[in-house]
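Beneath this line is the structure, given in C-alpha cells, with notes to follow.
Bear in mind that the values here come from a model prediction, so they are computed numbers and not experimental data. Counting from 1, the numbers follow the sequence of the chain as shown.
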Amino acid sequence: MKKILLLTDFSEASKKAIHFAQALFDDTAAEFCLLHAYPLESDTMYGTTFLMEEAEQNAYRSLQEMLSELMANYHPPFHSYQIRTAPGSPIGAVEAALEQETFDYVVVGASGSGFMTVLGSVATGLVRHAKTNVLVVPHTTAIRPVREVVLATDSSTLQHVPCLEPLNELVTRKSARLTALSIVNSQTPKLAGEAFDDYNQRLAQVFDSVETGPYFILDDEVEHGINTYLTTHSVDLLVTVPHRKTLMDAVWNRSLTRRLAFRPPVPLLALYDPEPVGRESAEKPFFDEA
C-alpha cells in the first residue's frame, strides 16, 4: 500500500494537487493523509494557548469539510483517508510527519504566484528538505491519464537504480512511455556509436517493462532546453533527481529542480535519493545535476 501525504491550505491549487494524486493512484491501494499546517500568532490579550486551540479547531473543521467533499465523489474502495493538523510552517509540518512515519510521496500544489525563484515557495522548500519523493502539481494541470513521462537525466543517473524504482513502478503501472531527456551543450558531444548503444541498453535495463527512448536537445541552458521540450511535446509528468540542496545552492539558485518546482509547466516529480554522496561519475554528464 502506498502512503501519500497531501499538503493542503484549502486553496484551489492544493485541491487540484489532491485530485491529481487521486487519479495517479486510482489503480493501487493507497492511504492518503490530508495535512494542514496552521500559523501561530501570539496575542497578549487572549493568550497564545487560547489562539493555538482555536486555530487547531478551525483547521480540523476545515479538513473534515474537505474530506467530506472528497468522500462524496467516487473513490476506489482501496483508498483510505485520514486528516492531520500541525502548528507552524508547512515545510516544518511535513518534516515532522516524515520523522514520525514513512510516506512514499508528499504532494503539493503550485499556484504559480511569487516574484523571485530564489525566495522560494512551499514546493521548492519541500524539494530541498523532504526526505521522500515530492510531487508538485501546477494549478493549471488537466486531470487526465498519465501516458507520457519524461525523465530529465544525465548518463550518471542511470547508474543509481534504487532512487529510480518509484518511477519504474509508476510508468509500469500506468503503461506509460518514458523518454530520457538529456540537454547537450556545445562543448559536450552527443553520444554516438557504441556509447549510444550502451546508453540505450542501460535505459532499457533500468526500465525493462515499459517503452523507453532517449531524446537529446542541444542547448547551453539546461532549463531552457527542458522547457523547449515541454512546449513542443505532450508531457503528462516531468521527473528529476535533485541533488543540490545546501543553503548555498538555494541562495545562488543552483538547483534545476528547485527552479522548475517554483512555477512548473507540468506536474513535476522530484525523486528522493538518500545517498547523493559519491554519485560523481567518471563519465562526463550531459548536463549539470538537477
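- Taking the side chain as every heavy atom from C-beta outward, T240 and I226 never approach each other to under 4.5 Å.
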Item checked: Evaluation steps, side chain to side chain contact (heavy atoms under 4.5 Å, CB included), between V146 and F20 -> CA-CA 10 Å; V146 173; F20 184 87; 4.3 Å; yes

Margin query: Applying salt bridge (charged side-chain N to carboxylate O under 4.0 Å, His left out) to K174 and D236, what does each step give before you reach the verdict?
Written below: CA-CA 11 Å; K174 290 298 181 182; D236 301 311; over 6 Å; no

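- In this structure, Y81 and H79 have perpendicular ring planes: the angle between them is above 60°, well past the 30° mark.
- Under the 3.5 Å distance criterion, the side-chain polar atoms of S209 are left unmatched by any main-chain donor or acceptor of T172.
- Here the straight-line distance linking atom CD of E223 with atom OG1 of T228 works out to 10.5 Å at 0.5 Å rounding.
- Side-chain heavy atoms closer than 4.5 Å link hydrophobic residues (I, L, V, M, F, W, Y) into clusters, and following such links, even through other members, never connects L24 to F78.
- Formation of a donor-acceptor pair under 3.5 Å by the N58 side chain with backbone atoms of E54 is found in this model.
- A 4.5 Å side-chain heavy-atom check between T179 and L151 finds every atom pair outside the cut-off.
- The line from NZ of K15 to CG of L70 is 9.0 Å long, rounded to the nearest 0.5 Å.
- Proximity of N200 to P214: side-chain heavy atoms (C-beta onward) are separated by under 4.5 Å at one or more points.
- No more than 12 heavy atoms of other residues, nucleotides or ligands shown are found within 6.0 angstrom of OH on Y60.
- Between K131 and E99 there is no side-chain heavy-atom pair separated by less than 4.5 Å.
- A chain of hydrophobic side-chain contacts below 4.5 Å, direct or via other Ile, Leu, Val, Met, Phe, Trp or Tyr residues, connects I143 to M66.
- Contact check for I18 versus T8: side-chain heavy atoms found under the 4.5 Å cut-off.
- The closest side-chain heavy-atom distance from V107 to F32 is not below 4.5 Å.
- Using a cut-off of 4.0 Å between Lys/Arg side-chain N and Asp/Glu carboxylate O, E95 and R128 are scored as not salt-bridged.
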Note to self: As a quick check of understanding, evaluate salt bridge (charged side-chain N to carboxylate O under 4.0 Å, His left out) for K16 and E12, giving each step before the final call.
What the structure shows: CA-CA 6 Å; K16 176 62 69 72; E12 291 304 315; over 6 Å; no

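- Between Y272 and A130 the shortest heavy-atom distance is CD1-O, 3.9 Å.
- Side-chain contact between L67 and L34: present, with at least one pair of heavy atoms (C-beta onward) separated by less than 4.5 Å.
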Next item on the list: Given side chain to side chain contact (heavy atoms under 4.5 Å, CB included), test V150 with V266 step by step and report yes or no.
Entry: CA-CA 11 Å; V150 173; V266 299; over 6 Å; no

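- Atom CD of E221 is surrounded by 12 or fewer heavy atoms from other residues, nucleotides or ligands within 6.0 Å.
- Remark: the backbone N or O of T153 is paired with a side-chain donor or acceptor of S182 at under 3.5 angstrom.
- Cation-pi contact between K3 and F103: present, with separation from the ring centre below 6.0 Å and deviation from the ring axis of at most 45°.
- Proximity of a side-chain donor or acceptor of D219 to a complementary backbone N or O of V184 within less than 3.5 Å is not detected.
- Atom CZ of residue R258 and atom CG of residue L268 lie 13.5 Å apart, to the nearest 0.5 angstrom.
- Heavy atoms only, all atoms of each residue included: E148 and S234 are closest at CB-O, 3.3 Å.
- Contact between I217 and G225 at its shortest, heavy atoms only, is CD1-O, 3.5 Å.
- Between R177 and V210, every side-chain heavy-atom pair lies at or beyond the 4.5 Å cut-off.
- Closest non-hydrogen pair, C163 versus V241, comes out as SG-CG1, 4.0 Å.
- Here the closest non-hydrogen pair linking A59 and T85 is CB-CG2, 3.8 Å.
- If you check the side chains of R259 and T257, you find no donor sitting under 3.5 Å from an acceptor.
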Notebook entry, point to check: Hey, mind stepping through V134 and V136 against side chain to side chain contact (heavy atoms under 4.5 Å, CB included) and telling me if it holds?
Noted result: CA-CA 6 Å; V134 176; V136 183; 4.0 Å; yes

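- If you take CD1 on I4 and CG on L135, they are separated by 9.0 Å, rounding to the nearest 0.5 Å.
- No donor-acceptor distance shorter than 3.5 angstrom exists from the side chain of T28 to the backbone of F25, with no hydrogens or angles considered.
- L5 CG to D104 CG: the interatomic distance, rounded to the nearest 0.5 Å, is 11.0 Å.
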Note to self: side chain to side chain contact (heavy atoms under 4.5 Å, CB included) for L126 and L7? Distances and angles first, verdict last.
What the structure shows: CA-CA 11 Å; L126 290 176; L7 191 59; 4.0 Å; yes

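- Atom OG of S175 and atom CD of E211 lie 11.0 Å apart (nearest 0.5 Å).
- Here the closest heavy-atom approach between residue A93 and residue A86 is recorded as CB-CB, 3.7 Å.
- Taking the six-membered ring wherever Trp is involved, the centroid distance between the rings of Y215 and H233 falls below 6.0 Å.
- Using a cutoff of 4.0 Å between basic side-chain nitrogens and carboxylate oxygens, R61 and E65 are not scored as salt-bridged.
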